[in-house]
Amino acid sequence: MPLVLPTATRRPVGHFLEARAFGHAEGSSHGTSRIFRRIYPVPVYDMTGRAQEIWRELESDSGASLLRLTGGIHHGRGPQYLADLLKDQEVSHQLLSAADAAPGGRA
């Protein structure tokens, strides 16, 4: 998982830490984009909200667009639990029934 840490200066400089060598083909953390996920089934990950604030601060300081949020779909067991986590973290979300999520398809 990559990690960018701002330095002590106000310049848009940071340290980039990567789990594997650049250009690897293992898993989803290759190429030029990374996943920024706000929902995890463990409440300790509410720190992602602070991480999002820091990304926005870096954007403001640098004048560059660094984070593009596109939304996400989570499905499977425990959708109400995940929706409650998002609500607790004040993250905009919508909980759909299986029929509403897959109209005309398999629910």
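All values reported here derive from a predicted model rather than from experimental measurement.
- By the side-chain contact (heavy atoms from CB on, under 4.5 Å) test, Glu53 is found to be paired with Arg50, residues two or more places apart in sequence or in another chain being considered.
- From His74, atom NE2 reaches atom CG of Leu85 across 11.0 Å, with rounding to the nearest 0.5 Å.
- A distance of 5.5 Å separates CG in Leu95 from CD in Gln80, rounded to the nearest 0.5 Å.
- Hydrophobic clustering (ILVMFWY, side-chain heavy atoms < 4.5 Å, transitive): Leu86 and Tyr81 are in one cluster.
- With rounding to the nearest 0.5 Å, the separation of CD in Gln52 from CG in Leu69 is 5.0 Å.
- Judged by distance alone, the side chain of Thr48 and the main-chain N or O of Ala51 form no donor-acceptor pair under 3.5 Å.
- Not counting sequence neighbours, the partners of Ser65 by the side-chain contact (heavy atoms from CB on, under 4.5 Å) test are Glu59.
- Atom CD of Glu90 is separated from atom CZ of Arg38 by 9.5 Å, given to the nearest 0.5 angstrom.
- Expressed to the nearest 0.5 Å, how far CG of Asp61 lies from CD1 of Ile54 amounts to 11.5 Å.
- Residues meeting the side chain to side chain donor-acceptor pair (under 3.5 Å) test with Gln94, sequence neighbours left out: none.
- Using modelled atom types, one side-chain atom of Ser62 and one backbone atom of Leu58 make a donor-acceptor pair closer than 3.5 Å.
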